[in-house]
Amino acid sequence: MTSMSSSLFSLYSIGQIRTGFKSPEDCPRNSRFNEKESLIELDVAYEKALKGLSAASHLVVLYWLDQANRSVLQSRPPHADKSYGVFAIRSPHRPNPIAISSVKILGIEGNLIRVSGLDCTDGTPLLDLKPYVPQIDCIEEAKLDLDWSEQHIAGA
């Protein structure tokens, strides 16, 4: 899909994510409640960029859902009775399938980061890493008032 305001950007993988999930169907629906350990393999060329990260307990991971359908504009969440636009939900299928998860850091060894809380397939391309900063990233008054959101978030 293109429009007059579309721009082309260059993104490249800075590593890959090892989860053990072989297909999208194997992945948990919500990364927040997945305690299974995963491994982020940062390309060795970026290892120096990890300096200071050991001060963080959690990490924000941005990754590319390379198996997603990029033509989807509306989808029905599993616990909803109607469809919503993909910008109102967390569907992996969207024009730019960039995913974001906040994960717990279990350990850092060289260019490898052991974490819990990812929901992607094994080998997913890694786009970026940022420390989770509670004073910035946690918005206490934030809300989502869609009819399905409480059940979906809780994994019901």
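Just so it is clear, the values below take in all heavy atoms, side chains as well, and ignore hydrogens, waters and symmetry mates.
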Listed by chain and number, what are the side-chain hydrogen bond (donor to acceptor under 3.5 Å, both in side chains) partners of Arg76, not counting sequence neighbours? none
Output the distance between atom [atom1] ([X]) and atom [atom2] ([Y]), rounded to the nearest 0.5 Å.
X: Asn96; Y: Arg70; atom1: CG; atom2: CZ; value: 5.0 Å
X: Gln67; Y: His93; atom1: CD; atom2: NE2; value: 9.5 Å
X: Ser13; Y: Asp128; atom1: OG; atom2: CG; value: 11.0 Å
X: Leu53; Y: Ile113; atom1: CG; atom2: CD1; value: 5.5 Å
X: Ile17; Y: Ser38; atom1: CD1; atom2: OG; value: 8.0 Å
X: Glu41; Y: Leu112; atom1: CD; atom2: CG; value: 6.0 Å

Using atom types as modelled and distance alone, determine if a side-chain donor or acceptor of [X] lies under 3.5 Å from a backbone N or O of [Y].
X: Lys36; Y: Thr19; result: yes
X: Arg94; Y: Val86; result: yes
X: Asn111; Y: Leu42; result: yes
X: Ser101; Y: Val103; result: no

Find out if a path of hydrophobic residues (ILVMFWY) with successive side-chain heavy-atom gaps under 4.5 Å connects [X] to [Y].
X: Ile98; Y: Ile100; result: yes
X: Trp64; Y: Leu62; result: yes
X: Tyr12; Y: Leu126; result: yes
X: Ile14; Y: Ile108; result: yes
X: Tyr46; Y: Leu50; result: yes

Taking every non-hydrogen atom, the tightest pair across Ala56 and Pro131: CB-CB, 4.3 Å
Looking at every non-hydrogen atom in both residues, tell me the closest pair between Val72 and Gln74 and how far apart they are. CG1-O, 3.2 Å
Taking the side chain as every heavy atom from C-beta outward, state whether Leu39 and Glu37 have any pair of such atoms under 4.5 Å apart. no
Could you go step by step and tell me if Tyr63 and Asp119 meet the side chain to side chain contact (heavy atoms under 4.5 Å, CB included) rule? CA-CA 10 Å; Tyr63 44 105; Asp119 60 354; 2.5 Å; yes
Pair Ile89-Ser75, side chain to side chain contact (heavy atoms under 4.5 Å, CB included): steps then yes or no: CA-CA 8 Å; Ile89 60 176; Ser75 183; 3.8 Å; yes
For the pair Glu141 and Ile139, evaluate side chain to side chain contact (heavy atoms under 4.5 Å, CB included) and give the outcome as yes or no after the intermediate values. CA-CA 6 Å; Glu141 68 273 11; Ile139 303 171; 3.7 Å; yes
Determine whether Tyr132 and Ser57 satisfy the following criterion, side chain to side chain contact (heavy atoms under 4.5 Å, CB included), listing intermediate values before the conclusion. CA-CA 8 Å; Tyr132 180 90; Ser57 65; over 6 Å; no
